[in-house]
Amino acid sequence: MGSAALEILGLVLCLVGWGGLILACGLPMWQVTAFLDHNIVTAQTTWKGLWMSCVVQSTGHMQCKVYDSVLALSTEVQAARALTVGAVLLAFVALFVALAGAQCTTCVAPGPAKARVALTGGVLYLLCGLLALVPLCWFANIVVREFYDPTVPVSQKYELGAALYIGWAATALLMLGGGLLCCGAWVCTGRPDFSFPVKYSAPRRPTATGDYDKKNYV
C-alpha cells in the first residue's frame with residue numbers, strides 16, 4: 001500500500017508540474033523591464049516571452065503582439081520554444097505510461113512488467129523536468145549577464161520574469177513526482193506481493209434448500 005501511495009502522490013505532483021510548465025511556456029513574462037532610474041512613476045512596462053511581447057501602460061491598458069517570424073527570433077528564443085514544447089509533449093506521453101504502470105489501474109497485469117512500465121513513466125518525467133530546466137536557466141543566465149553588462153543601455157536591461165519562477169517550480173514538481181514514481185515502482189519490482197490491495201469476492205449463490213452458500217469467495 002505504501003508503494004501505491006507513493007505512485008499516486010508522484011502522479012499528482014507530476015500533473016501539477018505539467019500544468020505549471022504549460023503556464024510558464026505560454027506566459028509572456030520571461031523578461032520584464034528593469035527600472036533602474038530614480039523616477040517612481042513609470043509610463044510603461046515591457047514583457048517579453050517565447051511567443052509574444054506585451055507593453056503595459058501605467059493606466060492598466062495592455063497591448064500584446066505575437067512574433068511574426070520564427071526565423072527572425074534570437075537563438076535562445078527558438079531553442080527555448082523547442083525545448084519547452086518538447087518537454088510538454090514528453091510529459092503528455094509520460095502520463096499515459098505512468099497510468100498504464102500504476103498499481104491502481106488494470107491496463108497491465110500485476111507483476112514485474114507492470115512495475116517496469118511505472119518505472120519508465122517516472123524516468124520520462126525526470127527527463128521532462130531536466131529538458132524544461134535547460135531553457136529556463138539559459139534565459140536566466142542571459143538576463144543576469146546583460147543586466148550587469150555596462151555596455152548595455154539602461155533602457156534595454158531586463159529582470160527575471162514571473163514565468164521563469166513558475167517554470168522552476170514546475171520542473172521541481174516534475175522531478176520530485178518522477179522520483180516518487182520511480183521509488184514506488186522500484187519497491188514493487190522485487191515484491192509482487194506489494195500490489196494495490198483490492199480484492200474482489202464472488203457473489204454468493206443460492207443452494208438447493210434456498211439458503212446462500214456459506215463459502216467465502218475471494
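Numbers here are sequence positions counted from 1.
Heavy-atom minimum distance, A94 versus G121: CB-O, 4.0 Å. Residues G26 and W51 come closest through the heavy atom pair CA-CD1, 4.2 Å. Between L181 and A98, the shortest heavy-atom contact is CD1-CB, 4.1 Å. When all heavy atoms of E7 and A118 are compared, the closest pair comes out as OE2-CB, 4.0 Å. For the pair M52 and C64, the tightest heavy-atom approach, listed with the atom from each and the gap, is SD-CB, 4.0 Å. Closest non-hydrogen pair, L126 versus M175, comes out as CD2-O, 3.2 Å.
When the side chains of ILVMFWY residues are joined at heavy-atom separations under 4.5 Å, either directly or via intervening members, Y125 and F92 end up in a single hydrophobic cluster. Side-chain heavy atoms closer than 4.5 Å link hydrophobic residues (I, L, V, M, F, W, Y) into clusters, and following such links, possibly through other members, connects V97 to V123. Follow the hydrophobic side-chain contacts under 4.5 Å out from V93 and you reach V117 in the same cluster. In terms of hydrophobic clustering, with Ile, Leu, Val, Met, Phe, Trp and Tyr side chains grouped at heavy-atom distances under 4.5 Å, L50 and W168 are assigned to a common cluster. L160 and V77 fall within the same hydrophobic cluster, where Ile, Leu, Val, Met, Phe, Trp and Tyr residues are linked whenever their side-chain heavy atoms come under 4.5 Å apart, directly or through other members.
Looking only at distances, no side-chain donor or acceptor of E159 sits under 3.5 Å from a matching main-chain atom of T33. Judged purely by atom type and a 3.5 angstrom limit, Q31 has no side-chain atom pairing as donor or acceptor with the backbone of G49.
Results of the side-chain contact (heavy atoms from CB on, under 4.5 Å) test with L21 over L131, I166, V88 single out V88 as the only residue that passes.
Between the CG atom of L119 and the NZ atom of K114 there is a distance of 14.0 Å, given to the nearest 0.5 Å. Within the model, atoms CG of L6 and SG of C183 stand 6.5 Å from one another, a figure rounded to the nearest 0.5 Å. Atoms CG and CD1, on L27 and I22 in that order, are 12.0 Å from each other to the nearest 0.5 Å. Annotation: the span from L9 atom CG to L180 atom CG amounts to 5.5 Å, rounded to 0.5 Å.
Within the 4.5 Å cutoff, no side-chain heavy atoms of C14 are placed close to those of L173. Counting only heavy atoms from C-beta outward, the side chains of W47 and S53 never approach each other to under 4.5 Å. No side-chain heavy atom of V55 sits less than 4.5 Å from a side-chain heavy atom of M62.
Between F139 and W30, the ring planes lie perpendicular to each other; the angle is over 60°, past the 30° to 60° tilted range.
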Could you please spell out the steps behind the side chain to side chain contact (heavy atoms under 4.5 Å, CB included) verdict for L95 and L124? CA-CA 9 Å; L95 174 63; L124 289 178; over 6 Å; no
Test L99 against L11 for side chain to side chain contact (heavy atoms under 4.5 Å, CB included), laying out the working first. CA-CA 8 Å; L99 286 176; L11 189 58; 3.4 Å; yes
Evaluation steps, side chain to side chain contact (heavy atoms under 4.5 Å, CB included), between V32 and T45: CA-CA 7 Å; V32 181; T45 304; 4.0 Å; yes
Going through the checks in order, is the side chain to side chain contact (heavy atoms under 4.5 Å, CB included) test met by N141 and R145? CA-CA 6 Å; N141 178 60; R145 187 178 68 247; 3.2 Å; yes
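For residues 47-65, the pairs satisfying salt bridge (Lys or Arg N to Asp or Glu O under 4.0 Å) are K65-D68, with sequence neighbours left out.
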